[in-house]
Amino acid sequence: MKKTFYTLLVKSLTVLLFILCTACTHKNTDQISAQIDFWSFPNFTSETGVPGDFEKSLIEAFEKENPSIKVHFTLLDFTDGPAQIEKAISSGQTPDIIYDAPGRIILWADKGLLEPLDDVLATEKPYITTGLLAVSAGKDRRTYMYPMHEGPFSMAFNKEMLEDLNLIDLLPYKRLDRSWTVAEYEKLLTALKQKLPNDKTPGVFYCKTAGGDQGTRAFLVNLYGNANLINEDYTKYIFNSEQAVKNLQWTVRAVKNGLLFDGSSLTSNDAIAWFAESKAVHTILYSPQLNKMNDGKRRYNGKDFTPIYMPFPNDSGTPILEFLAGGACIFKNKDDAKIKAAKQFLHFAATDEVWAEKLVAATGAFPATSKIKIDSQDNEILYNSVLQRFFGQYYNNVAGFSKMRTYWNQALKDALAGKNVQDVLDNFVNNANTSFGE
């Protein structure tokens, strides 16, 4: 009996040691050794104020946990970065990872340049906002961008300036969802025009360049409402409807009457700077992310002022907002180790208990996942965090989008120059619909 027990014990220990050794062997084979390249635009702020320092800190934390993976970082700029990426693509020298927006990422995906990320996202999809998953998918419905941050674009008003002008009560920001009408907006603009000195303006309608056109598009899609830019299946531009004409005609009149400054010679950056400098009481393009970029620059009577965020006026129902979405993609290459390492880096950046939250905070936007909670007592931040219900169509990844933007911008200039609005919008639609093949 003792011998039988001893034999069984030895066999059990042998099996246990085999399992442990096998586990160790598997653990060792899971160690990936690779060097990967990570490129990003200036999407993140850092504690030092030096561009790129946040990404370097993120990489340092990742490499500490994954010492066999080395991440090389390149900071792109918004001026030359797109051309730098296209050059890398044409020469077959793409980086492994780029952090960007769906507008470019999904176009690369549809050209077969990217790795699908559904395996990396397998456990996370239930927590990610459905709309963000939709804009992160290619035409084959596979996911090619790992969405990490999002945020609405809206209007913003200088609270202290309105208070000093005794006009704060004309801004319905205490209304539950802050929805308001064109008549309410026009009443405020008219009162501002009457009270402001000549060197200040209620706001700017800019259109020197296509930059920031998400603000002018959202502005004109709303107003009297029911004036979508594109049809529901994203195959045809339709912004020449009766409502679209009515919205642009109202805007031209507002500019002519001095309720809005004629920004034909001003960019969106100029308009935001006027707002930050209190030369304009409100801006038609703003977000918590843009606000963070202007920390220390917002000045009114020698102090930082408080921006009050408002949706665009809409007479037909709930407002429609454009929004940003940001995340990362992985380019295809023939090195499985590099692809695995890149996926491991993305998973770390998006899900690590410490760094996932830091990443979202560094963007100044909001998390794509419900796993990260908004920790703020600021009413303006809390208001923005729930504006997802107002998000409209996302067409930035439609073929020919960049070309459509040039036609849009020209249409605004033509309308402000006095051309017939219906003719201007008919011309815009005809031109824009040719862009799908470009």
Side-chain donor-acceptor distances from residues 414-425 under 3.5 Å, at least two apart:
from: Asp414; atom 1: OD1; to: Gln410; atom 2: NE2; distance (Å): 2.9
from: Asn420; atom 1: OD1; to: Gln422; atom 2: N; distance (Å): 3.1
from: Asn420; atom 1: OD1; to: Asp423; atom 2: N; distance (Å): 2.9
from: Gln422; atom 1: NE2; to: Asn240; atom 2: O; distance (Å): 3.2
from: Gln422; atom 1: NE2; to: Asp426; atom 2: OD1; distance (Å): 3.0

May I ask you to decide if the ring planes of Phe157 and His282 are parallel, tilted or perpendicular, using 30° and 60° as cut-offs?
-> parallel
List the atom pairs, with distances to 0.1 Å, where a side-chain N or O of residues 362-374 and a protein N or O form a donor-acceptor pair under 3.5 Å, not counting sequence neighbours.
from: Thr363; atom 1: OG1; to: Val360; atom 2: O; distance (Å): 2.6
from: Thr363; atom 1: OG1; to: Ala365; atom 2: N; distance (Å): 3.0
from: Thr369; atom 1: OG1; to: Lys371; atom 2: N; distance (Å): 3.1
from: Ser370; atom 1: OG; to: Tyr127; atom 2: O; distance (Å): 3.4
from: Lys371; atom 1: NZ; to: Glu124; atom 2: OE1; distance (Å): 3.1
from: Lys371; atom 1: NZ; to: Glu124; atom 2: OE2; distance (Å): 3.4
from: Lys373; atom 1: NZ; to: Ser370; atom 2: O; distance (Å): 3.0

Can you check side chain to side chain contact (heavy atoms under 4.5 Å, CB included) on Phe390 and Ser154, steps first, answer last?
-> CA-CA 10 Å; Phe390 292 153; Ser154 64; over 6 Å; no
Considering only heavy atoms from C-beta outward, does the side chain of Met145 approach that of Asp100 to under 4.5 Å?
-> no
Phe62 ring center near Trp355 ring center (under 6.0 Å) | no
Hey, mind stepping through Met161 and Lys200 against side chain to side chain contact (heavy atoms under 4.5 Å, CB included) and telling me if it holds?
-> CA-CA 11 Å; Met161 202 170 184; Lys200 297 185 185 298; 3.4 Å; yes
So NZ of Lys174 and CD1 of Ile308: to nearest 0.5 Å the spacing works out to 9.0 Å
Heavy-atom closest pair (Arg299 atom, Asp304 atom, distance to 0.1 Å) is NH1-OD1, 3.1 Å
Grab the two heavy atoms, one from Ile97 and one from Ala328, that are nearest each other, plus how far apart they are.
-> CG2-CB, 4.0 Å
Residues passing the side chain to side chain contact (heavy atoms under 4.5 Å, CB included) test with Thr406, sequence neighbours excluded, are Lys403
Do you see a donor-acceptor pair shorter than 3.5 Å between the side chains of Arg298 and Asn291?
-> yes
Is any side-chain heavy atom of Leu259 closer than 4.5 Å to a side-chain heavy atom of Pro202?
-> no
Should the pair Phe275 and Phe305 be assigned to parallel (<30°), tilted (30 to 60°) or perpendicular (>60°) ring geometry?
-> perpendicular
Going by atom types only, do Ser376 and Asp378 share a side-chain donor-acceptor pair under 3.5 Å?
-> no
Using the salt bridge (charged side-chain N to carboxylate O under 4.0 Å, His left out) rule, take Asp37 and Lys338 through it: C-alpha gap first, then chi angles, then the decisive distance, then the call.
-> CA-CA 9 Å; Asp37 290 304; Lys338 287 167 72 70; 5.0 Å; no
Determine the interplanar angle of the His149 and Tyr99 rings, folded into 0 to 90°, and report it as parallel if under 30°, tilted if 30 to 60°, perpendicular if over 60°.
-> parallel
Taking side chain as C-beta onward, heavy atoms only, is Asn294 less than 4.5 Å from Tyr286?
-> yes
Close side-chain approach of Asn314 and Ser179, heavy atoms under 4.5 Å | no
Do Phe219 and Leu285 pass the side chain to side chain contact (heavy atoms under 4.5 Å, CB included) test, and can you show the C-alpha distance, the side-chain angles, and the key distance before you say yes or no?
-> CA-CA 9 Å; Phe219 185 85; Leu285 177 63; over 6 Å; no
What's the shortest heavy-atom distance between Ser435 and Tyr237, and which atoms?
-> OG-CE1, 4.0 Å
Please find out if less than 6.0 Å separates the ring center of Phe73 from that of Phe38.
-> yes
Is there a side-chain contact between Leu260 and Thr201, using heavy atoms and a 4.5 Å cut-off?
-> no
Answer with yes or no after comparing the ring centroid distance for Phe436 and Tyr234 against a 6.0 Å cut-off, counting only values under it.
-> no
Taking it one step at a time, do Tyr146 and Thr351 satisfy side chain to side chain contact (heavy atoms under 4.5 Å, CB included)?
-> CA-CA 11 Å; Tyr146 195 128; Thr351 65; 3.6 Å; yes
Who passes side chain to side chain donor-acceptor pair (under 3.5 Å) against Thr74, sequence neighbours left out?
-> Trp39
Would you mind writing out the side-chain donor-acceptor pairs for residues 189-198 within the sub-3.5 Å range, not counting sequence neighbours?
from: Thr190; atom 1: OG1; to: Glu186; atom 2: O; distance (Å): 2.8
from: Lys193; atom 1: NZ; to: Asn257; atom 2: O; distance (Å): 2.8
from: Lys195; atom 1: NZ; to: Leu165; atom 2: O; distance (Å): 2.8

Answer with yes or no whether the side chains of Thr94 and Trp108 bring together a donor and an acceptor at under 3.5 Å.
-> no
If you take all heavy atoms of Asp352 and Glu65, which pair is closest and at what distance?
-> OD1-OE2, 4.1 Å
Under the side chain to side chain contact (heavy atoms under 4.5 Å, CB included) test, which residues partner Asp80, sequence neighbours left out?
-> Asp77
Is there a donor-acceptor contact under 3.5 Å linking the side chains of Asp213 and Asn409?
-> no
For the student: nearest non-hydrogen atoms of Ile238 and Val429, plus distance | C-CG2, 4.2 Å
Looking at side-chain heavy atoms only, is the closest gap between Arg389 and Asp177 below 4.5 Å?
-> yes
Any side-chain heavy atom of Lys159 sitting closer than 4.5 Å to one from Glu380?
-> no
Heavy-atom count around Lys292 NZ within 6.0 Å, excluding the residue itself: above 12?
-> yes
Among all residues two or more places apart in sequence or in another chain, which pass the ring pair (Phe, Tyr, Trp, His ring centres under 6.0 Å) test with Tyr173?
-> none
Residues passing the side chain to side chain donor-acceptor pair (under 3.5 Å) test with Tyr144, sequence neighbours excluded, are Asp140
Any donor-acceptor N or O pair under 3.5 Å, side chains Asn301, Glu160 | no
Partner set under side chain to side chain donor-acceptor pair (under 3.5 Å) for Lys246, not counting sequence neighbours | none
For Ala432 against Met404, the heavy-atom pair lying closest together | CB-CG, 3.9 Å
Under 4.0 Å between a Lys/Arg side-chain N and an Asp/Glu carboxylate O for Asp119 and Lys343?
-> yes
Are any non-hydrogen side-chain atoms of Thr216 and Cys207 less than 4.5 angstrom apart?
-> no
State which residue, out of Phe205, Trp274, Tyr206, fulfils the ring pair (Phe, Tyr, Trp, His ring centres under 6.0 Å) condition with Phe261.
-> Trp274
Side chain to side chain contact (heavy atoms under 4.5 Å, CB included) against Thr129, all qualifying residues, sequence neighbours excluded | Leu132, Gln388
Residues at least two apart in sequence or cross-chain that pass side chain to side chain contact (heavy atoms under 4.5 Å, CB included) with Asn247, listed by chain then number, are Leu220, Leu223, Tyr224, Ala227
Kindly write out the residues that satisfy ring pair (Phe, Tyr, Trp, His ring centres under 6.0 Å) with Tyr300, not counting sequence neighbours, or none if the list is empty.
-> none
Aromatic ring centroids of Phe323 and Phe391 under 6.0 Å?
-> yes
Will you find, in the side chains of Asn269 and Thr267, an N or O donor that is under 3.5 Å from an N or O acceptor?
-> no
